[in-house]
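Input: a single structure, listed below in structure tokens.
Convention: sequence-line order gives letters A, B, ...; per-chain numbering from 1. Remember, it's a predicted structure, so these values are computed and weren't measured experimentally. Worth knowing before you read on, the calculation uses all heavy atoms, side chains too, and leaves out hydrogens, waters and symmetry mates.
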Amino acid sequence: MRWTQTFIPTLKEDPADAQVPSHRLMVRAGLIRQLVAGAYTYLPLGFRALQKATQIVREEMDRAGALEILMPAIHPAELWQETGRFADYGDTLMKVRDRKNALLVLGPTHEEVITDLVRHHITSYRQLPVIFYQIQTKFRDEPRPRFGVLRTREFLMKDAYSFDVDLPHLNQSYDKMYHAYCRIFDRCGLKYVVVEAESGPIGGEASHEFMVLADTGEDALVECQQCRYAANLERAEVGDTQAAPPIGSEQPLRKVHTPGRTTIEQVSAFLACQPQQMIKTLIYLADGEPVAVLVRGDHEVNENKLRRALAASRLELADPETIQRVTGAPVGFAGPLGLRVRLLADRAVIHVRNGVTGANEADYHLVGVQPGRDFQPDWIGDLRIASDGDACPRCPGTLHLRRGIEIGHVFKLGTKYSAKLGAHYLDDKGQSHPIIMGCYGIGINRILAALIETSHDEKGIIWSVSLAPYHVLVLPLNVTNPELMQTAERLYRELTELGVEVLLDDRDARAGFKFNDADLIGLPLRIVVGEKALQRGEVELKWRHEATSWTVPVEQAARRAANEIAAALKRLSQPLTRSVSA
RNA sequence: CGGGGUGUAGCUCAGCUUGGUUUAGAGCGCUUGGUUCGGGACCAAGAGGUCGCCGGUUCAAAUCCGGCCACCCCGACCA
């Protein structure tokens with residue numbers, strides 16, 4: 001492609017509303033333009049990159065044996081009401097009415113639609129297993145679209161759904177998808193972490209997220225530096241912390257007046273103690289029944305863990321009236337001593353010495369509290385949100401808090417949808433069972449944004465060879481010099497014949513201008529055709545990600561460049577074998 | 001949905017506080033001509049704006065007031 005024949009509106013200045021690097025650079029490099037909040041047009045360069053990502057995903061899904069289909073974006077609302085998700089999704093569902101005033105949903109995901117297909121057409125174990133996938137535009141009316149292409153209301157997603165006869169077969173399908181995901185992201189040139197994620201009904205390691213580490217990421221995760229443990233913060237387990245050496249001798253229990261001090265900050269400041277010395281007591285309603293939950297003052301309750309520990313389906317913080325009734329004190333003065341409800345404690349609490357906690361009496365706290373001596377929890381375990389520096393649950397290492405961009409998610413669904421929608425199969429004995437499902441998503445747009453987010457410099461984008469809109473930029477320094485242009489055209493022709501994707505910067509512009517645009521759009525390999533080198537019969541090659549260039553005789557240039565590109569692509573598609581935690 | 005901010009030329013912004021010398025401006029970009037030509041050149045001449053929308057106040061509104069809309073940020077939310 002010739003630059004003058006395509007449309008690459010580069011910008012010298014940063015767009016005013018772009019905050020994160022990927023957004024800024026995608027706009028400046030002429031990849032995208034916004035239409036409304038959370039919806040972007042992909043311009044030629046951006047669309048080519050998107051197609052590259054799409055094609056890699058498609059090839060690897062096909063390789064894994066998944067079957068590509070295309071489902072509608074408009075769904076009847078009734079189908080969503082059948083699974084209850086019409087209400088669960090709430091305002092995030094985009095809704096439209098047709099001319100008959102029937103309510104339609106713009107699909108945010110396709111469990112309902114695929115399960116509807118399967119319940120009508122798959123009836124026998126002989127038809128299983130099967131994995132369907134599609135690459136299609138999804139719609140979610142996000143409360144807050146942001147960060148350019150990272151969180152939008154309309155986005156391209158690869159979603160796949162597996163159908164199996166039982167859990168062992170589901171695990172096989174899951175592993176297939178997991179490995180396909182590793183291949184996909186390796187080929188894209190992304191550096192990613194696979195983390196355990198909240199798993200829902202099946203439990204165990206039933207869900208993994210693929211994260212690209214970036215400070216601008218919206219997800220928090222922890223990673224162990226010694227072993228391979230990594231988990232979404234919602235999910236992350238915490239190892240048992242060693243007891244801190246007791247400070248001084250064990251003190252007796254004492255009640256102190258703390259008028260109006262109800263928060264950890266207020267009490268710790270008032271009593272001149274550390275938040276980690278305090279025992280925070282929270283009253284929850286688990287399926288309507290009050291329970292008391294203890295965490296250290298500097299920790300937060302992880303409600304997912306609490307829900308599992310209680311085997312509760314509904315969990316909420318108690319209202320002030322309930323707290324008054326259970327503790328005998330207003331909010332802010334609850335403590336574990338003397339409570340008549342079930343008492344659950346996070347492990348860190350039992351290591352506290354000379355602790356501070358509420359006295360279950362307005363305006364009073366207790367100091368010198370010794371867990372074990374002064375109260376005994378009914379249950380002790382991991383209940384808190386992991387924090388930076390916590391102990392790894394798998395090894396003696398330490399957890400580090402990181403931020404990441406979620407680019408993929410694999411999930412064992414079980415029978416959640418097949419049961420509700422009646423997707424059953426008959427086994428070899430004629431018995432009917434709900435089909436066991438898994439679902440597997442990849443945000444295609446996020447692949448591009450995540451790559452740019454983690455692969456750029458102050459000049460612009462640094463594409464991986466596999467996602468780059470073109471492999472090579474041929475840059476003649478002076479288009480009015482026929483000799484330079486003949487050489488540039490020759491390289492363009494030869495490279496194209498060798499299967500290399502080339503962009504020829506045939507604009508009549510100054511060298512510096514063209515160099516800056518070249519760095520901005522970030523094609524992997526640049527070939528400069530200039531007068532000085534050409535007098536020696538040479539052109540100049542340079543990788544975008546490297547600082548130095550080298551020269552090659554004109555006759556060899558195309559072949560050499562083609563070999564470099566081929567080698568780089570091959571390197572990406574022969575990934576290191578990664579250890580799998582599934 | 002709560003809190004905050006911004007809407008003026010294709011882009012980035014000034015002008016608004018204190019209404020009228022502003023016939024609405026600058027830089028970048030764009031067009032034409034010339035000089036330049038290996039890291040975002042220079043000179044000259046141009047094209048380009050219902051000042052987000054609706055209403056109000058006023059002799060007079062980009063500027064003051066009210067309503068609405070859009071976009072951005074923080075939070076809540078995110079199978």
Side-chain angles (χ1 to χ4, degrees), chain A residues 7 9-20 23-24 27-28 30 33-40 80 83-93 107-112 114-115 138 140-148 150-153 155 157 159 161 197-202 206-207 209 217-220 232-234 405-406 409-414 416-417 420 437-441 443 446 458-460 475-481 484 505 507-521 526 528-535 539-540 542 547 549 551:
Chain A
F7 181 63
T10 59
L11 258 32
K12 197 187 319 198
E13 287 173 288
D14 280 336
D17 49 11
Q19 310 293 318
V20 298
H23 186 195
R24 240 176 36 230
V27 173
R28 280 194 55 205
R33 285 293 186 269
Q34 178 172 294
L35 177 65
V36 288
Y40 288 85
W80 283 77
T83 59
R85 287 213 292 179
F86 188 84
D88 292 348
Y89 249 88
D91 289 336
T92 303
L93 268 189
T109 177
H110 284 241
E111 282 83 3
E112 278 80 0
I114 191 73
T115 308
K138 296 285 190 277
R140 294 183 189 175
D141 196 354
E142 292 285 348
R144 193 173 157 208
R146 60 179 138 182
F147 299 147
L150 277 170
R151 178 164 294 274
T152 52
R153 297 194 289 180
F155 55 98
M157 181 168 164
D159 48 324
Y161 307 90
E198 267 306 315
S199 51
I202 293 201
S207 173
E209 290 169 344
E218 287 191 271
D219 291 281
N232 190 307
L233 196 62
E234 294 168 5
I405 298 164
E406 181 189 347
H409 195 167
V410 292
F411 199 96
K412 295 180 190 174
L413 284 173
K416 181 174 173 185
Y417 297 97
K420 277 187 177 144
M437 292 173 58
C439 70
Y440 315 91
R446 280 188 178 182
E458 63 289 346
K459 288 289 206 173
L475 197 161
L477 285 175
N478 180 0
V479 300
T480 60
N481 178 329
L484 292 193
D505 190 351
R507 294 176 298 173
D508 183 8
R510 296 168 65 86
F513 185 86
K514 291 167 80 160
F515 282 137
N516 279 307
D517 264 357
D519 289 338
L520 179 59
I521 69 167
R526 187 184 79 186
V528 171
V529 184
E531 279 166 36
K532 285 179 219 152
L534 196 59
Q535 280 171 6
V539 292
E540 175 189 304
K542 179 183 171 298
S549 59
T551 54

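Following rounding to the nearest Å, A:Phe7 (CZ) and B:G29 (P) show an atom-to-atom distance of 17 Å. If you take CZ of A:Phe513 and C1' of B:U36, they are 16 Å apart, rounded to a whole angstrom. For A:His23 and B:C72, the NE2 to P distance is 8 Å, given to the nearest whole Å. Rounded to an integer number of Å, the gap from CG of A:Asp91 to P of B:A76 is 18 Å. Between A:Asp219 atom CG and B:C78 atom P the separation is 12 Å, expressed in whole Å. Rounded to whole angstrom, the span from the CG atom of A:Asp517 across to the P atom of B:G39 amounts to 15 Å. Atom CG of A:Asp14 and atom P of B:C11 are 15 Å apart (whole Å). Across the protein-nucleic acid pair, A:Arg24 atom CZ and B:C72 atom C1' stand 16 Å apart, rounded to whole Å.
Closest approach to the A:Gln19 side chain among B:A79, B:U12, B:C73 is made by B:C73 (side chain taken as heavy atoms from C-beta onward).
Here B:C13 sits opposite B:G25 as a Watson-Crick or G-U wobble pair (both hydrogen-bonding atom distances under 3.5 Å). With a cut-off of 3.5 Å on both Watson-Crick or G-U wobble distances, the partner of B:G49 is given as none.
Put simply, the side chain of A:Arg446 gets close to the backbone of A:Glu406: a donor and an acceptor are under 3.5 Å apart. Proximity of a side-chain donor or acceptor of A:Arg146 to a complementary backbone N or O of A:Arg151 within less than 3.5 Å is not detected.
You can call A:Phe515 stacked on the base of B:G39; the centres are under 5.5 Å apart and the planes sit within 30°.
Nucleic acid contact class of A:Lys459 (heavy atoms, under 4.0 Å, all strands): base. A:Glu218 comes within 4.0 angstrom of nothing in the nucleic acid, heavy atoms only. Residue contacts shown for A:Glu540 include a base, since a base heavy atom lies under 4.0 Å away. Residue contacts for A:Arg507: at a heavy-atom cut-off of 4.0 Å it reaches no nucleic acid atom on any strand shown.
Considering A:Thr152, A:Asp159, A:Thr109 as possible partners of A:Lys138, the one that fulfils the side-chain hydrogen bond (donor to acceptor under 3.5 Å, both in side chains) test is A:Asp159.
Under 4.0 angstrom from either OP1 or OP2 of B:A41 there lies at least one side-chain N or O belonging to A:Arg510.
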